[in-house]
Enquirer: 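Structure in structure tokens, see below.
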Amino acid sequence: MTTDGSGKTEIPTPDAALSKLEANTAKIQDLTTRLMAMMANKRTVPADLQAPTPDFYAKAQLAYWQDMVQNPAKLIEQQVGYWGKTLQHFVEAQQALASGKLEAPEDRTPGDRRFKNPLWQTHPYFNFLKQQYLRNAEAVEQTLSGIEGLAPEEKKRLEYFSSQIIDMLSPTNFLATNPDALTKAVETEGESLVRGLENMIADMEANDGELVVSLADKDAFTVGENIATSEGEVVFRNHLFELIQYAPTTEQVYKTPLIIFPPWINKFYILDLKEQNSLIKWIVDQGVTLFVVSWVNPDASYRETGMTDYVEDGYITALETVREICGVKKVNAVGYCIAGTTLSLSLSVMKQRGLDYVNSATFFTTLTDFSDRGEVGVFLEDDFVDGIENEVERAGYLDKFYMSRTFSYLRSNDLIYQPAIRSYMMGEAPPAFDLLYWNGDGTNLPAKMAVEYLRGLCQQDRFAGDGFEVAGHLARIEEVDVPLCAIACESDHIAAWKSSYRGVQKMGATDKTFILSGSGHIAGIVNPPAKKKYGHWTNDDLSLPPEEWKAAAKQHEGSWWPRWGKWLAKRSGKKVEARTPGSETHPPIAPAPGKYVVNERV
């Protein structure tokens with residue numbers, strides 16, 4: 001249907017509608033042929049990076065049948081309960097149809113935002129599908145929760161990967177059982193399906209034939225033009241990083257400068273998306289001389305770059321450069337995620353070398369105690385890590401594809417299935433969303449570094465245990481003894497807050513502050529005060545177990561930024577005249593955001 005100049009809706013004639021439908025059908029056939037050809041030549045993902053090994057499932061199956069043999073009554077009870085609910089649902093659906101009305105029976109299933117279309121409640125076909133799917137999911141979950149004979153970490157993995165299969169099989173994920181997609185296809189005479197296939201092909205072409213759904217409009221943003229626009233200069237560059245010094249916005253600044261080490265598994269501009277949610281701008285506006293590290297995006301030439309290189313040529317070099325530029329003895333430092341972990345390692349190494357460079361340290365969503373790896377731990381057992389080790393040995397680096405896919409599956413409904421429905425079934429263009437644009441702009445990891453981190457820290461927990469060998473030293477968590485503030489996030493899927501808290505407890509500092517932010521790994525950190533969202537918790541007693549700490553903590557409204565800003569100000573010295581970027585020994589060499597962030601090499 002179209003609209004004429006007067007604003008009235010024009011209803012196409014039957015012949016015109018049929019002609020458009022036939023044309024779109026032909027397009028769909030052509031696009032499907034292209035799609036099948038691309039799938040036949042797509043990137044080959046190693047089998048050991050696709051799912052747990054068959055041995056894992058065989059062990060789970062054996063545990064299930066042993067449990068059933070020893071306790072057959074449990075099996076009978078589960079099956080009778082499931083089939084009883086299923087039969088009751090079928091009878092109620094038949095009775096509703098027999099009444100002569102096109103309506104669904106009573107629906108006692110719990111609310112689920114995947115099924116927000118009213119037809120899932122009112123239409124007998126869609127409601128039957130929804131109710132039966134939710135009952136099937138409930139039956140699987142109950143069966144898995146009742147399995148005995150598996151170690152806790154094995155049972156956790158079984159439940160996680162089973163839930164992935166359950167989520168994948170939701171009727172919302174298939175065209176024939178998605179009322180939104182079917183309605184859109186009818187309304188557009190098939191045009192939405194054409195656009196959806198075009199979107200799918202574009203995504204596959206951009207990812208070597210692998211289906212990776214675009215989360216954001218790639219043409220809506222340009223780094224340095226409408227995101228990552230805070231004014232500053234690159235004042236140092238080596239093979240690992242560029243050091244950006246931001247221009248002051250106040251006449252005076254605190255004497256002690258601040259350096260932020262972002263994670264190198266992503267790009268730094270998550271902290272500088274737009275002016276209104278830029279942590280970088282906010283910090284500069286508080287009167288702080290701010291430096292930010294922008295890491296290089298490694299390729300195969302970085303095969304032998306390890307954790308020692310990041311400590312020596314990254315952290316220590318950056319800290320020495322900031323001290324020299326600002327003419328100070330000490331610097332305040334921030335580490336985010338893996339960069340916080342490595343900041344901790346660097347602090348231990350520097351203590352052993354007698355390098356008193358850091359005045360205070362702040363850790364954003366940082367793990368240093370890996371005894372409980374949280375949700376991401378399901379990907380950190382030997383089957384997956386062996387696969388990663390084999391892949392990086394072959395390629396020289398861990399392609400960003402694997403990290404991105406892993407993190408997406410931690411929130412598969414939000415980051416895979418719902419975007420795929422909108423793009424491929426509804427034919428909608430990806431949204432112009434800065435955070436999701438950043439999420440798709442990933443980075444690779446050097447081969448040696450990836451294996452050292454996964455084996456020595458994530459799996460073997462050496463830093464919080466007997467020590468982690470790095471830069472010629474045995475780094476220990478108790479040697480992190482500078483004043484510190486740690487911010488963790490309540491619903492973090494990547495760095496579980498309780499694990500972050502336990503790491504802080506083990507650090508040797510006597511001046512410790514722990515803040516628990518609402519929301520997750522990104523939104524809980526990038527939470528400007530003006531939004532008045534999420535809130536945060538504080539409690540000075542860090543001797544308590546994490547659950548007791550939170551139960552006794554005081555809850556505060558809004559962002560943690562101002563609270564941390566006051567904490568930092570107390571450790572930043574007196575005010576001095578504002579510093580312009582660079583110095584005689586380190587003059588500006590390029591405007592922010594620099595070259596490395598856009599994958600340029602110099």
Side-chain angles (χ1 to χ4, degrees), residues 232-248 250 252-262 264 268 271 280 283-284 286-296 308-336 339-340 342-363 470-473 475 479-485 509 511 567-590 592 594 596:
E233 298 284 344
V234 175
V235 294
F236 176 85
R237 178 190 292 133
N238 67 10
H239 66 290
L240 268 187
F241 72 94
E242 290 182 323
L243 183 65
I244 301 170
Q245 181 179 358
Y246 285 91
T250 56
Q252 288 189 316
V253 295
Y254 291 102
K255 182 178 180 179
T256 305
L258 175 70
I259 182 171
I260 296 179
F261 294 97
W264 55 88
F268 82 88
L271 303 176
I280 285 174
I283 291 172
V284 172
Q286 308 312 302
V288 175
T289 301
L290 178 64
F291 294 80
V292 174
V293 166
S294 175
W295 301 103
V296 74
T308 290
D309 297 283
Y310 279 90
V311 170
E312 297 272 24
D313 299 338
Y315 285 73
I316 295 177
T317 297
L319 289 166
E320 289 175 340
T321 304
V322 172
R323 290 169 71 244
E324 184 177 346
I325 289 174
C326 294
V328 296
K329 292 182 178 180
K330 290 189 177 184
V331 175
N332 291 321
V334 174
Y336 191 171
T342 313
L343 174 59
S344 299
L345 297 175
S346 300
L347 288 168
S348 175
V349 169
M350 288 189 291
K351 180 177 178 61
Q352 294 181 38
R353 293 184 182 179
L355 303 177
D356 192 13
Y357 292 169
V358 177
N359 186 59
S360 75
T362 298
F363 302 102
V470 62
H473 298 269
E479 292 177 331
V480 179
D481 59 1
V482 301
L484 66 89
C485 179
D511 179 359
W567 180 92
L568 186 66
K570 292 178 181 179
R571 293 156 180 83
S572 298
K574 63 182 182 180
K575 291 288 187 74
V576 298
E577 185 178 349
R579 306 175 174 107
T580 57
S583 66
E584 289 186 9
T585 54
H586 293 286
I589 55 179
Y596 285 177

Enquirer: Taking all heavy atoms of G287 and all of T250, pick out the closest pair and write down the distance.
Expert: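 Shortest heavy-atom contact: CA-OG1, 3.5 Å.
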Enquirer: Which value, rounded to the nearest 0.5 Å, describes the distance between T308 atom OG1 and D313 atom CG?
Expert: 9.5 Å
Enquirer: Do the side chain of S348 and the main chain of S344 share a donor and acceptor less than 3.5 angstrom apart?
Expert: no
Enquirer: Would you indicate whether the side-chain heavy atoms of W264 and T342 approach each other to under 4.5 Å?
Expert: yes
Enquirer: Given V334, which of I260, I283, L271 fulfils the side chain to side chain contact (heavy atoms under 4.5 Å, CB included) condition?
Expert: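 One option only clears the test, and that one is I260.
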Enquirer: Please answer whether the main-chain N or O of P262 pairs with a side-chain N or O of W295 as donor and acceptor at a distance below 3.5 Å.
Expert: yes
Enquirer: Would the number of heavy atoms belonging to other residues, nucleotides or ligands and lying under 6.0 Å from NZ of K351 be above 12?
Expert: no
Enquirer: Do Y357 and I316 touch side chain to side chain, with heavy atoms closer than 4.5 Å?
Expert: yes
Enquirer: Heavy atoms only: give me the nearest T580-P248 pair and the separation to one decimal.
Expert: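 Looking at all heavy atoms of both residues, the shortest contact is CA-CD, 4.4 Å.
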Enquirer: First locate atom CZ of R323, then atom OG1 of T321, and finally report the distance between them rounded to the nearest 0.5 Å.
Expert: 10.0 Å
Enquirer: Is there a donor-acceptor pair under 3.5 Å between the side chain of N332 and the backbone N or O of R571?
Expert: yes
Enquirer: Begin with the C-alpha distance, continue with both residues' side-chain angles, and end with the deciding distance and a verdict on side chain to side chain contact (heavy atoms under 4.5 Å, CB included) for V293 and I259.
Expert: CA-CA 8 Å; V293 166; I259 182 171; 4.0 Å; yes
Enquirer: Hey, what do you get for CD1 (I589) to CZ (R237), rounding to the nearest 0.5 Å?
Expert: 4.0 Å
Enquirer: Would you name the heavy atoms of V349 and H473 that are closest together and state the gap between them?
Expert: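 Result for this residue pair: CG1-CD2, 3.7 Å.
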Enquirer: With rounding to the nearest 0.5 angstrom, report the CD to NZ distance, Q252 to K574.
Expert: 10.5 Å
Enquirer: In Å and rounded to the nearest 0.5 Å, what is the CZ to CZ distance from R579 to F291?
Expert: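 Atom-to-atom, R579:CZ and F291:CZ are 7.5 Å apart.
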Enquirer: Locate the shortest heavy-atom distance separating L343 from G335; write the atom from each residue and the value.
Expert: CD2-N, 3.7 Å
Enquirer: May I ask you to decide if A339's main-chain N or O and Y315's side chain share a donor-acceptor pair within less than 3.5 Å?
Expert: yes
Enquirer: CD of E584 to CD of E324: how many Å apart, nearest 0.5 Å?
Expert: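 Between atom CD of E584 and atom CD of E324 there are 11.0 Å.
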Enquirer: Do V331 and P257 come within less than 4.5 Å of each other through their side chains, counting heavy atoms only?
Expert: yes
Enquirer: Which pair of non-hydrogen atoms, one from V284 and one from A247, has the smallest distance, and what is that distance?
Expert: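 The pair with the smallest heavy-atom distance is CG1-O, 3.3 Å.
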Enquirer: So does S294 get a backbone contact from the side chain of E242, meaning a donor-acceptor N/O pair under 3.5 Å?
Expert: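 Flag not set: sc E242 to bb S294 has no pair under 3.5 Å.
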Enquirer: State plainly whether the residues K329 and D356 are in salt-bridge range, i.e. N to O under 4.0 Å.
Expert: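 Looking at K329 and D356, the cut-off is not met.
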Enquirer: Assess whether side chain to side chain contact (heavy atoms under 4.5 Å, CB included) is satisfied between V482 and S360, documenting all intermediate values.
Expert: CA-CA 6 Å; V482 301; S360 75; 5.7 Å; no
Enquirer: Any sub-3.5 Å donor-acceptor pair from T317's side-chain atoms to E312's backbone N or O?
Expert: yes
Enquirer: Hey, which of F268, F261, F241 is the one that makes side chain to side chain contact (heavy atoms under 4.5 Å, CB included) with V292?
Expert: F268
Enquirer: I want to check something: taking the side chain as every heavy atom from C-beta on, are V234 and L243 in contact at a cut-off of under 4.5 Å?
Expert: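 V234 vs L243: side chains apart.
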Enquirer: Any side-chain heavy-atom pair from Q286 and L568 closer than 4.5 angstrom?
Expert: no
Enquirer: Can you name the one residue among N359, V288, T362 that meets side chain to side chain contact (heavy atoms under 4.5 Å, CB included) with L258?
Expert: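 Only match with L258 under side chain to side chain contact (heavy atoms under 4.5 Å, CB included): V288.
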Enquirer: Write down the atom of T289, the atom of Y254, and the distance for their closest heavy-atom approach.
Expert: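 What the structure gives for the nearest pair is OG1-O, 4.3 Å.
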